[in-house]
Amino acid sequence: MSKKHAKIVGVGRYLPDKILDNAYFEGIVETSDEWILQRVGIKERRMSDENTFASDLAAKAAENALKDAGMDASEIDLIVMASVSPEMYTPSGACIVQSKIGAKNAAAFDVNAACPGFIFAITVATQFVENGVYKNVLVIGADTLTKITEYKDRSTCVLFGDGAGAAILQATDEETGVLGSVLGADGDAGDVLTVCGLKVSELDKERRPFGNYRTIWMDGQLVYKFAVKTMVSSTIEVVENAGYTIDDIDLVIPHQANQRIIQSARKRLGLDESRVFSNVEQFGNMSAACIPVALCQAIEEGRIKKGQKLVIVSMGGGLTWGSVLIEL
């Protein structure tokens, strides 16, 4: 039996309607539109309402991906959902999505790798496809970071938004689709970007003086340096491992954390702006949703086309990082 390959046959995204622009933040913390644009390059981000959660956004993105692929939910064999802000510990977000979209034949589980979550999820999904275990796998990245953001902390509150993106991988004999991936983690540095769960240490309390311990805290400078370094090295590694050079890559879609990080990584990779996709100005940092939303948008806008190669690359809490080389 020839080796199967995991080909992307459909993509979809979903964003809440409510927009938080920079003027909103000028009214609640000491900041300005000029400062936000200069420091992180974000103009707007989306916010879900109090009754809408990650699985709700995920289900709608999944339905859009199924429509794009011309498939019925009953054809999905497995759902892998990446999220750092699920509404439940159990059932998993993937199980909730399975119910919402009617994918009754699918196994389902979640992946928590923070911002590179979609990259970890698509890498896991690819293994199932290549090994012949599943034919059609739905991979989702969905987060509602506005629900775990401290809006009194001006250093973080301007960064985050909500959204979801999805892709369907299908087994094929063609030598296309996912061509390689690189994953990494540095748990020793995990305390530079945290969200508390059941445990709240004294250090966590010191870091969150406003009293809401289950919110995002990070050391911005350390995260910035780590992001640029790992996104560059991971991009080069996944390309070279597959026997290509950076010149063979038509588009790089990096994690949308900060426009300065994206530009620094772009320059180190020697890429002009036309070969790097960015929508951070529109949506901010949506953690695991960033990459699939950007992938969907890049396809919609014709920035990447069938037969071309792209790299998706990200880093985030854990600390984690990863990259995937894909031929559409």
Side-chain angles (χ1 to χ4, degrees), residues 5-15 46 57-58 60-69 71 79-83 111 113-126 129 137-143 161-170 176-183 231 234-235 238-239 249-257 262 265-266 271 274-316 321-328:
H5 298 271
K7 180 180 181 180
I8 294 179
V9 296
V11 295
R13 60 178 176 140
Y14 183 80
L15 289 308
R46 300 299 179 93
L57 305 183
K60 291 179 178 179
E63 289 171 345
N64 289 335
L66 285 165
K67 183 178 180 180
D68 185 50
M71 294 175 63
I79 301 171
V80 185
M81 176 170 156
S83 183
V111 170
C115 298
F118 183 80
I119 286 171
F120 277 65
I122 205 170
T123 299
V124 170
T126 296
V129 173
V137 183
L138 171 62
V139 185
I140 308 168
D143 270 300
D162 302 340
I168 297 173
L169 300 185
Q170 187 172 82
T176 188
V178 177
L179 304 180
S181 62
V182 169
L183 303 178
M231 289 207 295
S234 186
T235 298
V238 76
V239 169
I249 306 306
D250 298 286
L251 189 69
V252 174
I253 301 178
H255 177 49
Q256 306 295 308
I262 294 170
R266 177 187 69 78
L271 299 172
S274 66
R275 293 172 64 199
V276 177
F277 187 86
S278 174
N279 62 6
V280 67
E281 182 179 280
Q282 294 174 277
F283 304 122
N285 184 348
M286 300 179 289
S287 193
C290 279
I291 294 293
V293 167
L295 172 62
C296 188
Q297 188 175 354
I299 293 172
E300 290 170 0
E301 295 177 2
R303 292 285 300 276
I304 186 73
K305 300 175 182 178
K306 182 176 174 60
Q308 293 186 319
K309 295 180 180 65
L310 71 148
V311 171
I312 54 177
V313 59
S314 181
M315 62 71 57
W321 66 91
S323 57
V324 179
L325 174 61
I326 301 167
E327 182 176 274
L328 284 185

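Both backbone and side-chain heavy atoms feed into the values below; hydrogens, waters and symmetry mates do not.
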Can any side-chain N or O of [X] pair as donor or acceptor with the backbone N or O of [Y] at less than 3.5 Å?
X: Arg266; Y: Leu271; answer: yes
X: Arg275; Y: Ile249; answer: yes
X: Gln256; Y: Cys290; answer: no
X: Arg303; Y: Ser274; answer: yes
X: Ser323; Y: Ser234; answer: yes
X: Asp250; Y: Lys309; answer: yes

To the closest 0.5 Å, what do you measure between [atom1] ([X]) and [atom2] ([Y])?
X: Ile312; Y: Leu251; atom1: CD1; atom2: CG; answer: 11.0 Å
X: Ile8; Y: Glu327; atom1: CD1; atom2: CD; answer: 11.0 Å
X: Leu169; Y: Thr126; atom1: CG; atom2: OG1; answer: 5.0 Å
X: Ile262; Y: Ser278; atom1: CD1; atom2: OG; answer: 4.0 Å
X: Leu138; Y: Ile79; atom1: CG; atom2: CD1; answer: 5.5 Å
X: Met286; Y: Asp143; atom1: CE; atom2: CG; answer: 9.5 Å

Nearest heavy-atom neighbours spanning [X] and [Y]:
X: Ala114; Y: Ser287; result: C-OG, 3.5 Å
X: Met81; Y: Ala58; result: SD-CB, 3.9 Å
X: Val324; Y: Ser181; result: CG2-CB, 3.9 Å
X: Asn279; Y: Ala294; result: ND2-CA, 3.7 Å
X: Ala167; Y: Val11; result: CB-CG1, 4.1 Å
X: Ile119; Y: Thr123; result: O-OG1, 2.8 Å

Any side-chain heavy atom of [X] within less than 4.5 Å of one from [Y]?
X: Leu325; Y: Val178; answer: no
X: Ile304; Y: Phe277; answer: no
X: Glu63; Y: Tyr14; answer: no
X: Leu15; Y: Gln282; answer: no

Side chain to side chain contact (heavy atoms under 4.5 Å, CB included) between Ile299 and Leu328, intermediate numbers included: CA-CA 10 Å; Ile299 293 172; Leu328 284 185; 4.1 Å; yes

Derivation of the side chain to side chain contact (heavy atoms under 4.5 Å, CB included) call for Val238 and Val313: CA-CA 10 Å; Val238 76; Val313 59; over 6 Å; no

Stepwise side chain to side chain contact (heavy atoms under 4.5 Å, CB included) check, Trp321 with Met231: CA-CA 7 Å; Trp321 66 91; Met231 289 207 295; over 6 Å; no

Steps toward side chain to side chain contact (heavy atoms under 4.5 Å, CB included) verdict (Asn285, Cys115): CA-CA 9 Å; Asn285 184 348; Cys115 298; 4.1 Å; yes

